[in-house]
Amino acid sequence: MSSSDLPRLLIVIGSSRPGRLGHHVARWFEHRVREHGQFEPVVADLAEIALPFFDEPRHPRLGDYAHQHTRDWAALVGSTDAVVLVTPEYNHGPSAVLKNAIDFLHAEWRDKPVGFVSYGGVAAGTRAVQQLVQIVATVRMIPVFDAVAISGVRQVVGEGGEVASTQSMDRSSIALLDELARLLQQLHPAPAGN
């Protein structure tokens, strides 16, 4: 099976601030996805995508997008089969840029399995994930239980951006990817004879 035959996994980098660590964590997770071999990773860096604050005049449920930036974001999200949100924790919640990116769309998120890779200090971003579970469920995504939670992220990410993966990170990334693959198979079984 070529990588183009694999389900596409959207990895959303949920931080856009200067000095962030999310892009390093996302690069580490993308490598884990490639090693896992059941998904084609597609990385969406919200710092590069640079969506403005939600500016669509009509509700996203209608899919009648007025702005090209929304149509581009919708096309990217719509072209994928599952999602992993790489999230920091800001004031016990997700970043505004990540919440905003979710709010822009509706149908493109629907029925997609979603997992979380969170990072931070002692709490490892888990309080942000608790809020995100409620948010993604509202746009009809299907959150999986298994997650990667990286505590003490500044000790894990080196000065050059390299990530010193721990056994816990590796085990939890495999569990997350296995669960996403299992759920995706249940939602969209392969045709008979494949």
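Everything numeric here is computed off the predicted structure, so don't read it as measured data.
- Using a 4.5 Å heavy-atom threshold, the side chains of Tyr90 and Arg17 count as touching.
- In this structure, the separation between CZ on Arg34 and CG on Leu9 is 10.5 Å, given to the nearest 0.5 Å.
- For the pair Leu177/Gln38, no side-chain contact is recorded, criterion being any heavy-atom separation below 4.5 Å from C-beta on.
- Taking every heavy atom of both residues into account, His36 and Ile174 meet most closely at NE2-O, 4.2 Å.
- Leu176 and Leu184 fall within the same hydrophobic cluster, defined by Ile, Leu, Val, Met, Phe, Trp and Tyr side-chain heavy atoms under 4.5 Å apart, directly or through other members.
- Environment of CZ in Arg140: sparse, with no more than 12 heavy atoms of neighbouring residues, nucleotides or ligands closer than 6.0 Å.
- Smallest separation of non-hydrogen atoms from Ala124 and Ser151: CB-N, 3.6 Å.
- The number of heavy atoms from other shown groups lying within 6.0 Å of CD (Gln186) is above 12.
- Between the side chains of Asp111 and His188, no donor-acceptor pair is found at a separation under 3.5 Å.
- Side-chain heavy atoms closer than 4.5 Å link hydrophobic residues (I, L, V, M, F, W, Y) into clusters, and following such links, even through other members, never connects Val133 to Val117.
- The shortest heavy-atom contact between Phe104 and Pro52 is CE1-O, 3.2 Å.
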Pair Leu21-Val156, side-chain contact (heavy atoms from CB on, under 4.5 Å): steps then yes or no: CA-CA 10 Å; Leu21 298 177; Val156 174; over 6 Å; no

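- In this structure the side chain of Val136 never reaches within 4.5 angstrom of the side chain of Trp109, judged on heavy atoms.
- For CZ of Arg154, the number of neighbouring non-hydrogen atoms (other residues, nucleotides, ligands) closer than 6.0 Å is 12 at most.
- Linking Ile, Leu, Val, Met, Phe, Trp and Tyr whenever their side-chain heavy atoms come within less than 4.5 Å puts Leu51 and Val77 in one cluster.
- In this structure, Pro113 and Leu180 approach most closely via the heavy-atom pair CB-CD2, 3.7 Å.
- Glu56 places a side-chain N or O within donor-acceptor distance of the main-chain N or O of Ala66, the cut-off being under 3.5 Å.
- Residue Met141 comes nearest to Pro143 through the heavy atom pair O-CD, 3.4 Å, listed as atom of the first residue, atom of the second, then distance.
- Expressed to the nearest 0.5 Å, how far CZ of Phe29 lies from OG of Ser173 amounts to 6.5 Å.
- Residue Glu89 forms a side-chain hydrogen bond (donor to acceptor under 3.5 Å, both in side chains) with just one option from Gln130, Gln131, Arg127, and that option is Arg127.
- Between Leu183 atom CG and Asp146 atom CG the span is 11.0 Å, to the nearest 0.5 Å.
- Heavy atoms only, all atoms of each residue included: Ser118 and Thr126 are closest at OG-N, 4.0 Å.
- Looking at heavy atoms from C-beta onward, Leu6 lies out of side-chain contact with Phe39 at the 4.5 angstrom threshold.
- Tracing side-chain contacts under 4.5 Å through hydrophobic residues (I, L, V, M, F, W, Y), one reaches Ile102 starting from Val83; they form part of the same cluster.
- Residues Leu105 and Tyr65 meet the side-chain proximity criterion, which asks for heavy atoms closer than 4.5 Å.
- Listed for the Arg8 side chain is a donor-acceptor partner under 3.5 Å among the backbone atoms of Ser79.
- No donor-acceptor distance shorter than 3.5 angstrom exists from the side chain of Asp81 to the backbone of Pro7, with no hydrogens or angles considered.
- Side-chain contact check for Val12 versus Val86: every heavy-atom pair is 4.5 Å or farther apart.
- Rounded to the nearest 0.5 Å, atoms CD1 (Ile13) and CD (Glu30) are 8.5 Å apart.
- Applying the side chain to side chain contact (heavy atoms under 4.5 Å, CB included) test between Leu10 and each of Leu76, Val43, Val114 identifies Leu76 as the sole match.
- Between Asp103 and Lys99, at least one side-chain N (NZ, or NE/NH1/NH2) sits under 4.0 Å from a carboxylate O, which counts as a salt bridge.
- Side chains of Asp64 and His59: no donor on one and acceptor on the other come within 3.5 Å.
- Side chain of Lys112 to backbone of Glu108: a donor-acceptor contact under 3.5 angstrom is found.
- Atom OG1 of Thr166 sits about 7.5 Å away from atom CD1 of Ile150, to the nearest 0.5 Å.
- Between the side chains of Gln185 and Arg182, no donor-acceptor pair of N or O atoms lies under 3.5 Å.
- A salt bridge is defined here as a Lys NZ or Arg NE, NH1 or NH2 lying under 4.0 Å from an Asp or Glu carboxylate O, and Arg32 with Asp170 meets this definition.
- In this structure the side chain of Trp28 never reaches within 4.5 angstrom of the side chain of Glu162, judged on heavy atoms.
- When atom types are taken as modelled, the side chain of Tyr119 and the backbone of Thr87 share no donor-acceptor pair closer than 3.5 angstrom.
- Ile135 and Val144 fall into different hydrophobic clusters, where Ile, Leu, Val, Met, Phe, Trp and Tyr side chains are chained together by heavy-atom contacts under 4.5 Å.
- Salt bridge present: Arg20 and Asp45 bring a charged side-chain N and a carboxylate O closer than 4.0 Å.
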Given the rule in the side-chain contact (heavy atoms from CB on, under 4.5 Å) test, do Thr80 and Glu40 qualify, once you have shown the distances and angles that lead to the verdict? CA-CA 9 Å; Thr80 61; Glu40 176 188 349; over 6 Å; no

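- Between the Thr138 side chain and the Gln134 main chain, a donor and an acceptor come within less than 3.5 Å of each other.
- Within the model, atoms OG of Ser95 and CG of Leu46 stand 7.0 Å from one another, a figure rounded to the nearest 0.5 Å.
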